[in-house]
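Residue numbering restarts at 1 for every chain, and letters A, B, ... go by the order of the sequence lines.
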There are 2 protein chains.
Amino acid sequence: MRAGITKERLARAGAELADEVGFDRVTITEVARRFDVKVASLYSHVTGSDDLRTRIALLALEELADRGDSALAGRSGKDALTAMADVYRDYAREHPGRYAAAQLRLDTETALASAGPRHAAMSRAVLRGYDLTEPDQTHAVRLLGSVFRGFVDLELGGAFSHSEPDSETSWRRSLDALDALLRSWPTPERPRP
Amino acid sequence: MRAGITKERLARAGAELADEVGFDRVTITEVARRFDVKVASLYSHVTGSDDLRTRIALLALEELADRGDSALAGRSGKDALTAMADVYRDYAREHPGRYAAAQLRLDTETALASAGPRHAAMSRAVLRGYDLTEPDQTHAVRLLGSVFRGFVDLELGGAFSHSEPDSETSWRRSLDALDALLRSWPTPERPRP
DNA sequence: CCGGCTTGCCTAAGCACATTAGGTAGACGC
DNA sequence: GCGTCTACCTAATGTGCTTAGGCAAGCCGG
């Protein structure tokens, strides 16, 4: 009676566990328990707990990129901006463990083979709705990424939950502000009128 | 021959360890080794490894707030904005482990007794140089915090290190952009001309 | 249908860290 | 100098990670 374990099923189970108890508390032992299998058996499928965590991260990055692709389809400008922003925020709220996993630091090779580059491409797609050329586009990609990442982290960490106004409003207003900023992106030498 | 251990010395040693090996690899066992003391002995000073991690986080939050206070003294407007932003970024680069510790999720009571509120006050001090009233000021505080936090995390995570232009330039340009944004903060109903 | 081979899952064992219970001796108050 | 407190100890337990080596389930060729 073999359990039919695969790397993919391990990653999925790990992702579910992460959402339940937090990514940093994902243990290979608990995953084994959920498959009703001894811990050592998992070592035929993953090389160790680092490998498992990496696979969860890759899974999360893919899921996020897939959601992003759907959300961006047929949208542009501010519509696209908020759609992509909400993809990250909603995913983090639905799947905090996977979202945390998506932030795992990957080595260069793994990162390049991951869905990471798809995320960068998504940002650039959003920015096509604005009038930016290189290198400003890259700066804007990074700023956008920073806001999304930072806001979601802080909100999830409860940083905004102990004071008015509610974080939902701050999120909408921040996106308004970003949209305005991108429409009149300042150049250092000759600021726009 | 007593080692003269105190909670404060433990937190400092833990912080140094965090900077060397990463906050998530801080172990109470290694701290004990560094004091040349048995692990169990530390339990007279901290209640457990969670307690130790929390104390490291509190230490980092204080150090950051202290740096912020100095940096902000006598500055206003964009000068204050960049000074505060650089405090976070420089601290994270000098002390990655402590910076990671500063992001540890604290329970409400601990958070309120920490230097956390000083950070919020610092943001508001920076914003005094701009023409914002509540609730926009709070939205701006959150947006600023999101950018700082997000950019620093991404940069430290290597997200910007595999492509041109260098992240230093993006940082400066992002601060320029934030400054411009704060000077003409958009209101949702009646956007400024 | 059966013997062999692959391999998925097993037992066993070793190591690191966290934590608790209970002992001993150093430092300080009197 | 005597007693007390407490800083530090030894011992033991539990959890998780990892490797080495065994067994048998299930596919494959005959």
Participant: Measure CG/A:Leu42 against P/D:dT18 and give the value in whole Å, please.
Facilitator: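 A:Leu42 atom CG is separated from D:dT18 atom P by 11 Å.
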Participant: Is it true that A:Arg118 and A:Asp69 make a salt bridge, defined as a side-chain N closer than 4.0 Å to a carboxylate O?
Facilitator: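 A salt bridge links A:Arg118 with A:Asp69.
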Participant: Mind calculating the distance between OH (B:Tyr43) and P (C:dT19) to the nearest angstrom?
Facilitator: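 Spelled out: OH on B:Tyr43 to P on C:dT19 is 4 Å.
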Participant: Is any side-chain nitrogen or oxygen of A:Ser49 closer than 4.0 Å to OP1 or OP2 of D:dT18?
Facilitator: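 Indeed, a polar side-chain atom of A:Ser49 lies that close.
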Participant: Could you tell me whether the phosphate oxygens of C:dA16, OP1 or OP2, come under 4.0 Å of any side-chain nitrogen or oxygen in B:Arg33?
Facilitator: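 Answer is no, no contact under 4.0 Å.
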Participant: Identify which one of B:Asp153, B:Asp86, B:Leu178, B:Val87 satisfies the side-chain contact (heavy atoms from CB on, under 4.5 Å) criterion when paired with B:Phe148.
Facilitator: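 When side-chain contact (heavy atoms from CB on, under 4.5 Å) is applied between B:Phe148 and each of B:Asp153, B:Asp86, B:Leu178, B:Val87, only B:Leu178 qualifies.
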Participant: Nearest whole Å is fine: how far is C:dG22 P from B:Lys38 NZ?
Facilitator: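 Distance check: B:Lys38 NZ to C:dG22 P gives 21 Å.
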Participant: Is the closest basic N to carboxylate O distance between A:Glu20 and A:Arg34 below 4.0 Å?
Facilitator: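 Salt bridge: yes.
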Participant: With a 6.0 Å cut-off on ring centres, are B:His95 and B:Tyr91 close enough?
Facilitator: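 Centroid separation for B:His95 and B:Tyr91: below 6.0 Å.
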Participant: Can you figure out which of C:dC9, D:dC8, C:dT19 approaches the side chain of A:Ile5 most closely?
Facilitator: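 The listed nucleotide nearest to A:Ile5's side chain is C:dC9.
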Participant: May I ask you to verify if any side-chain N or O of B:His45 is less than 4.0 angstrom from the OP1 or OP2 atom of D:dC8?
Facilitator: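 Yes, within the criterion.
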Participant: Using atom CG of A:Asp36 as one end and atom P of C:dC9 as the other, report the distance to the nearest whole Å.
Facilitator: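 Answer to the nearest Å: 11 Å.
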Participant: Considering just the side-chain nitrogens and oxygens of B:Ser44, establish if one lies under 4.0 Å of OP1 or OP2 belonging to D:dT6.
Facilitator: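 No, B:Ser44 has no side-chain N/O under 4.0 Å of OP1/OP2 on D:dT6.
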Participant: In whole angstrom, what separates B:Leu52's CG from C:dT19's C1'?
Facilitator: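 One finds 14 Å between C1' of C:dT19 and CG of B:Leu52, rounded.
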Participant: May I have the distance from A:Phe35 (atom CZ) to C:dC10 (atom P), rounded to whole angstrom?
Facilitator: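 Answer to the nearest Å: 13 Å.
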Participant: Tell me, which of residues 19-30 of chain A have any heavy atom that sits under 4.0 Å from an atom in DNA chain C?
Facilitator: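 Under 4.0 Å from DNA chain C: no residue of residues 19-30 of chain A.
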Participant: Looking at A:Arg98 and A:Glu62, is there a salt bridge between them, counting it only when a charged N and a carboxylate O are closer than 4.0 Å?
Facilitator: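 Judged by the 4.0 Å cut-off on N to carboxylate O distance, A:Glu62 and A:Arg98 do not form a salt bridge.
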Participant: Centroid separation under 6.0 Å, is that true for the rings of B:Phe160 and B:Phe151?
Facilitator: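 Yes, ring centres under 6.0 Å apart.
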Participant: For B:Arg124, is there an ion pair with B:Glu134 - N to carboxylate O distance below 4.0 angstrom?
Facilitator: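 Between B:Arg124 and B:Glu134 there is a salt bridge, with a charged N closer than 4.0 Å to a carboxylate O.
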Participant: Which one, C:dC10, D:dT18, C:dA21, comes nearest to the side chain of A:Val39?
Facilitator: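 Of the candidates, D:dT18 comes closest.
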